[in-house]
Amino acid sequence: MRVKPLFVIISTLSLFLAVVLIYPSPPVAPSKSSDSTSAKSDIWSVQRIVEWRPCKWWLQSHLIPLPAKSNGYIRVDCYGGLNQMRRDFCDGVGIARLLNATLVLPKFEVAAYWNESSGFSDVFDADYFITQMNGFVNVVKELPPEISSKEPHRVDCSKRKGQFDYIESVLPSLLKYHYVSITPAMSQRRDRYPKYAKAALCQACYRALKLTESLEKKANKLLEAIPKPFLSLHLRFEPDMVAYSQCQYSGLSPTSMKALEAALGDDRKPWTGEAARIWRNRGKCPLHQMRLPLYFNNVVTKSALLSGEDFETMHGNTKAALDYYVSINSDSYMATYFGNMDKMVAAMRAFKGLYKTLFLSRRAFAEFTSKGLEGKLLMEALWKAHKDDFIKGRGSALSDCFCEFKL
């Protein structure tokens, strides 16, 4: 007898982040009238032709010895949600190795938006990180006395555009001040990194960042409480991302509409008329969970699976760490948006050899609904579109740490 997977929903709705258990009817499943290839009730059962795996040059690399003398100290200043900060810190590790700098444990900025005040060591095991990075880059918890009394020289890289080069733009400040802080640029060119710098980034992101012992214990407690097998579904629909998309939505609650209007402000208005239709058909509009052909019952939040004391004392980053841990260890993972968390989860699942990962296509959903498809016809069309993505390994957009393998 085949066991239907449970769903764990990790949803970001307005300012609310939750994990939910649901007993579903099969999502995106074809009807009996579908062709024989599509008629399988489980999209994961189809044979894949491509997988993304950790590159051998990184896993089996022979490290180039670190230079005897460091050029100075670099601290990575991280902003936003946990997974954005994780991404920036991983980039910062690669930058530190590129510039022959000693890495100072990062500064996690207090974020009122995320109700967050926890630091790096509240989430990640600092000693484990330092041990795992041995030979890749030098890492220190504390600065030497002659440096610790000074504030770092700030080099703002985050808004730089074009082909940003850290050797040209940051190294001179590092050599002059010996202690700098940076937030990595989104437009950096990692293809210019030597492999020893790329290897440091990969080692940091996929081997060295481990949750603290107490947080991992809570994460395992939550994971063990979830019946198996289960699928983790990340529903992300936040005021800022919806406002940035400039898409219109009907049927939102008054509270959601108020939050969206506040995020829009006076200088950003939704597209209307033909422009709105074209924009949506390009897949630019975040998927709203009320429009997805998914049906749930028996909803349970993650707060119900942990004791009240465990859950209520946790901040945004530590709660996000639980979501991340459950997602990378779920039997399968699905997301409605390709954000920082989804990219990190997809990459770590690939690192762990877990390939039942899928990103719902906004473009496909817009295309099919614009043609008037609904109900079973819509589900069949979406099933086929996502089946092809799964077979060909499309949609993950994994980092430089991963290479394509033909099966």
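Below, each value reflects all heavy atoms present in this structure, side chains not excepted, and no hydrogens, waters or symmetry copies.
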Participant: Just checking Phe351 against Trp58, ring centres under 6.0 Å apart?
Facilitator: yes
Participant: If every non-hydrogen atom of Leu354 is compared with every non-hydrogen atom of Ser330, which pair is closest and at what distance?
Facilitator: CD1-O, 4.2 Å
Participant: Suppose we call two aromatic rings close when their centres sit under 6.0 Å apart. Are Tyr333 and Phe230 close by that rule?
Facilitator: no
Participant: So, do Phe89 and Phe108 have ring centers that fall under 6.0 Å from each other?
Facilitator: no
Participant: Please state whether the sulfur gamma atoms of Cys285 and Cys247 sit closer than 2.5 Å to each other.
Facilitator: yes
Participant: Using a 3.5 Å distance criterion without hydrogens, assess whether the side chain of Arg236 forms a donor-acceptor pair with backbone atoms of Leu287.
Facilitator: no
Participant: Between the main-chain N or O of Lys69 and the side-chain N or O of Asn100, is there a donor-acceptor pair closer than 3.5 Å?
Facilitator: yes
Participant: Any chance you could measure Ser370, atom OG, to Arg277, atom CZ, to the nearest 0.5 Å?
Facilitator: 7.5 Å
Participant: Is any side-chain heavy atom of Val140 closer than 4.5 Å to a side-chain heavy atom of Leu103?
Facilitator: no
Participant: Looking only at heavy atoms, which two atoms of Pro194 and Leu98 are closest? And how far apart?
Facilitator: CD-CD1, 3.4 Å
Participant: Is any side-chain heavy atom of Lys141 less than 4.5 Å from a side-chain heavy atom of Ile130?
Facilitator: yes
Participant: With the side chain counted from C-beta on, respond yes when His386 and Ser361 share a heavy-atom pair under 4.5 Å apart, and no when they do not.
Facilitator: yes
Participant: What's the separation between atom CG in Leu209 and atom SG in Cys90, rounded to the nearest 0.5 Å?
Facilitator: 5.0 Å
Participant: Is Lys198 close enough and on-axis enough to Tyr193, meaning under 6.0 Å and within 45°, for cation-pi?
Facilitator: no
Participant: Measuring from atom CZ of Arg97 to atom OG1 of Thr102, what distance do you get when rounded to the nearest 0.5 angstrom?
Facilitator: 11.0 Å
Participant: Using the ring pair (Phe, Tyr, Trp, His ring centres under 6.0 Å) definition, which of the options Trp57, Tyr206, Tyr355, Trp52 pairs with Phe402?
Facilitator: Tyr206
Participant: Any side-chain heavy atom of Leu233 sitting closer than 4.5 Å to one from Leu231?
Facilitator: yes
Participant: Any Lys/Arg nitrogen of Asp77 or Arg75 sitting under 4.0 Å from an Asp/Glu carboxylate oxygen of the other?
Facilitator: yes
Participant: So does Trp44 have more than 12 non-hydrogen atoms from other groups sitting under 6.0 Å from CH2?
Facilitator: yes
Participant: Apply salt bridge (Lys or Arg N to Asp or Glu O under 4.0 Å) to the pair Lys406 and Glu404, showing each step before the final yes or no.
Facilitator: CA-CA 7 Å; Lys406 303 290 185 182; Glu404 187 178 76; 3.4 Å; yes
Participant: Between the main-chain N or O of Gly119 and the side-chain N or O of Asp122, is there a donor-acceptor pair closer than 3.5 Å?
Facilitator: yes
Participant: Output the distance between atom NZ (Lys210) and atom OH (Tyr128), rounded to the nearest 0.5 Å.
Facilitator: 6.5 Å
Participant: Looking only at the side chains, is there a donor atom on one of Asn220 and Tyr325 sitting less than 3.5 Å from an acceptor on the other?
Facilitator: yes
Participant: Hey, are the side chains of His178 and Leu174 touching, using non-hydrogen atoms and a 4.5 Å cut-off?
Facilitator: no
Participant: Taking the six-membered ring where the residue is Trp, are the ring centres of Tyr249 and Phe237 under 6.0 Å apart?
Facilitator: yes
Participant: Side-chain contact test, heavy atoms from C-beta onward, threshold under 4.5 Å: evaluate it for Thr183 versus Cys157 and give yes or no.
Facilitator: no
Participant: Is it true that Lys218 and Glu216 have a side-chain N and a carboxylate O under 4.0 angstrom from each other?
Facilitator: no
Participant: Which heavy atom of Ala96 sits nearest a heavy atom of Ile74, and at what distance?
Facilitator: CA-CD1, 4.3 Å
Participant: When you look at Tyr324 and Asn329, which way does the side chain to side chain contact (heavy atoms under 4.5 Å, CB included) test go after all the steps?
Facilitator: CA-CA 9 Å; Tyr324 173 82; Asn329 288 290; over 6 Å; no
Participant: Any non-hydrogen side-chain atom of Lys356 less than 4.5 Å from a side-chain atom of Arg349?
Facilitator: yes
Participant: Search all heavy atoms of Glu146 against all heavy atoms of Lys150 and return the closest pair with its distance.
Facilitator: O-CE, 3.5 Å
Participant: Checking Gln203 side chain against Met133 main chain: does a donor-acceptor pair fall under 3.5 Å?
Facilitator: no
Participant: Please confirm whether the backbone N or O of Ser245 pairs with a side-chain atom of Trp279, one donor and one acceptor, at under 3.5 Å?
Facilitator: yes
Participant: Identify the two heavy atoms, one from Leu407 and one from Glu51, that lie closest to each other, and give their separation to 0.1 Å.
Facilitator: CD1-CG, 3.6 Å
Participant: Starting at NE2 of His234, measure out to CE of Met341 and round the result to the nearest 0.5 Å.
Facilitator: 5.0 Å
Participant: Please tell me if the side chains of Thr212 and Phe124 come closer than 4.5 Å, counting only heavy atoms from C-beta onward.
Facilitator: no
Participant: Take Lys319 and Asp323 through the salt bridge (Lys or Arg N to Asp or Glu O under 4.0 Å) test and state the conclusion after the steps.
Facilitator: CA-CA 7 Å; Lys319 288 182 180 178; Asp323 295 336; over 6 Å; no
Participant: Compute both the distance and the angle, then confirm whether Lys343 meets the cation-pi test with Phe338: under 6.0 Å from the six-membered ring centre, within 45 degrees of the axis.
Facilitator: yes
Participant: Can any side-chain N or O of Asp88 pair as donor or acceptor with the backbone N or O of Met85 at less than 3.5 Å?
Facilitator: no
Participant: Is it the case that over 12 heavy atoms from other parts of the model lie below 6.0 angstrom from the CZ atom of Arg282?
Facilitator: no
Participant: What I want to find out is whether Lys371 reaches Glu367 closely enough, with some N-O distance under 4.0 Å, to be called a salt bridge.
Facilitator: yes
Participant: For the pair Arg87 (side chain) and Asn340 (backbone), establish whether a donor and an acceptor sit closer than 3.5 Å, ignoring hydrogens and angles.
Facilitator: no
Participant: Can the ring centres of Phe390 and Phe359 be said to be less than 6.0 Å apart?
Facilitator: no
Participant: Are Cys202 and Cys55 close enough that their SG atoms are less than 2.5 Å apart?
Facilitator: no
Participant: Provide the closest heavy-atom pair for Gln132 versus Ala208 in the form atom of the first, atom of the second, distance.
Facilitator: CB-CB, 3.6 Å
Participant: When rounded to the nearest 0.5 angstrom, what is the spacing between CG in Asn71 and CG in Leu175?
Facilitator: 5.0 Å
